[in-house]
2 protein chains.
Amino acid sequence: MSGTREKIVEMADKLIRVKGYNAFSYKDIADPLEVKNAAIHYHFPAKSDLGEGVIIHELETFAVQREQWRRLPEDEQLDKLFDVFRRHCKAGNICLIGSLAPDFETLPEDMQGKIQEMTLEILEWVTACLEKGRKKKLFHFKGDAEDRALMVMSNLQSSLLLSRVLGPHVCQRITKRLLEDLR
Amino acid sequence: MSGTREKIVEMADKLIRVKGYNAFSYKDIADPLEVKNAAIHYHFPAKSDLGEGVIIHELETFAVQREQWRRLPEDEQLDKLFDVFRRHCKAGNICLIGSLAPDFETLPEDMQGKIQEMTLEILEWVTACLEKGRKKKLFHFKGDAEDRALMVMSNLQSSLLLSRVLGPHVCQRITKRLLEDLR
DNA sequence: TTTTTTACTTACTGGTAAGTAAGTAGATTG
DNA sequence: CAATCTACTTACTTACCAGTAAGTAAAAAA
């Protein structure tokens, strides 16, 4: 254990969020970490292995956060998720799904599967959160909870994409409006 | 006038929507059109010129459509816009902004400017449509019309991104829910 | 009819990308 | 203490990509 592997994943995560999967190269990771590109191939033989590594790391992080928020009321849990996106916006990042979905057709099957896994896991959590919150009268909305969860996810995702083009205030405005609509 | 230029733009548009700007190459256009890559460079010296060409073409198309919808009630105008996205979904495409926004930081300034132009033009139209529709009691929503327009755009954009990962039903569900919420 | 312009092709370059084979220093294990 | 394993480096290959310089056939302009 040397920590290099973790640094590579973190760097790749940042690069996917800033430049996109197809636009970053091993050199973009190797140079700042002061290792050779072969060091990355040692830990991740193919670029798609690195891509999967980033997704797996993201799912682990999300699992830890969910656990930390578990005892909060559902509206606060959702706001915690919104905070994750607000912080990404501040850092100039977009979300992993928002970055990888456009490249989806260019990716190998293994990675496509992992992206689907990640998306479904987040969708299930948001759906459950909205459903429980509605029962407690913390949320008020029409229709199916999963439909509403899809819309929440799509708004969060695109708030980061549009922020990149129009400026960071877009994320603030969308997340604020979104939470007010649900209460 | 030989039509080659238009075919190149159409092909590039499709490729940006399916593979992304950084993932397609001149060969992807040259081979199916049975021309050489230098023919593309003749019409578009740099790749970013081609990117700008695609955006300009999209804005022209949007202007024509707006004109055709002009006399319809605002809720039907908005549904016409939704139809454009539903058709793209069926064709396996994502929207231009959804494809270009993730790559934004890797693009030259000229292209970034054109993407901003396109985004603002669509945002202005949706905002005006919602505002006029609300006055006529065709739409009912809380808050600023521009905020609401941002959310409509973000939902449309991400409905295509999520459709790619989870399947085309996502676009149907989001657009249906979205229009019901506004009425 | 000569000249110029348009719309390309042919043939090439320089740079960068992912990926690999072989070697190595230091830690771990038997 | 010898053998093995871990975590790399060195040095290289193959492939592709955007972009260019020079040439050409046909059409339009003078």
When the distance from [atom1] of [X] to [atom2] of [N] is rounded to whole Å, what number comes out?
X: A:Tyr42; N: C:dG23; atom1: OH; atom2: P; answer: 18 Å
X: B:His43; N: D:dG19; atom1: NE2; atom2: P; answer: 16 Å
X: A:Phe44; N: D:dC8; atom1: CZ; atom2: C1'; answer: 14 Å
X: B:Lys36; N: D:dC17; atom1: NZ; atom2: P; answer: 15 Å
X: B:His41; N: C:dT10; atom1: NE2; atom2: C1'; answer: 14 Å
X: B:Ile8; N: C:dC8; atom1: CD1; atom2: C1'; answer: 10 Å
X: B:Asn37; N: C:dT13; atom1: CG; atom2: C1'; answer: 12 Å
X: A:Lys7; N: D:dA7; atom1: NZ; atom2: P; answer: 14 Å

Exercise. Answer with yes or no whether the side chains of A:Asp110 and A:Ser48 bring together a donor and an acceptor at under 3.5 Å.
Key: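 A:Asp110 and A:Ser48 do not have a side-chain donor-acceptor pair below 3.5 Å.
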
Quiz prompt | Geometric cation-pi criterion, B:Lys14 with B:Phe24: 6.0 Å, 45° | solution = no

Quiz item: Using a cut-off of 4.0 Å on non-hydrogen atoms, how would the nucleic acid contact of A:Lys47 be classed: base, sugar-phosphate, or nothing?
Solution: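 Touches sugar-phosphate only.
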
Less than 4.5 Å apart, any side-chain heavy atom of [X] and any of [Y]?
X: A:Val152; Y: A:Leu81; value: no
X: B:Asn37; Y: B:Lys27; value: no
X: B:Leu182; Y: B:Leu78; value: yes

Quiz item: Can you find a side chain N or O atom of A:Thr4 that sits less than 4.0 Å from OP1 or OP2 on D:dC8?
Solution: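 Yes, A:Thr4 has a side-chain N/O under 4.0 Å of OP1/OP2 on D:dC8.
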
Quiz prompt | Nucleic acid contacts - residues 20-35 of chain B versus DNA chain D, non-hydrogen atoms under 4.0 Å | solution = B:Phe24, B:Ser25, B:Tyr26

Quiz item: In residues 100-109 of chain A, which ones come under 4.0 Å of DNA chain D, going by heavy atoms?
Solution: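 Under 4.0 Å from DNA chain D: no residue of residues 100-109 of chain A.
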
Practice problem: Under the side-chain contact (heavy atoms from CB on, under 4.5 Å) rule, collect the residues that match up with A:Arg87, sequence neighbours excluded. | Solution: A:Asp83, A:Val84

Side chain to side chain donor-acceptor pair (under 3.5 Å) involving [X] - partner list, sequence neighbours excluded:
X: A:Gln65; value: none
X: B:Arg173; value: A:Glu146, A:Asp147
X: A:Ser25; value: none

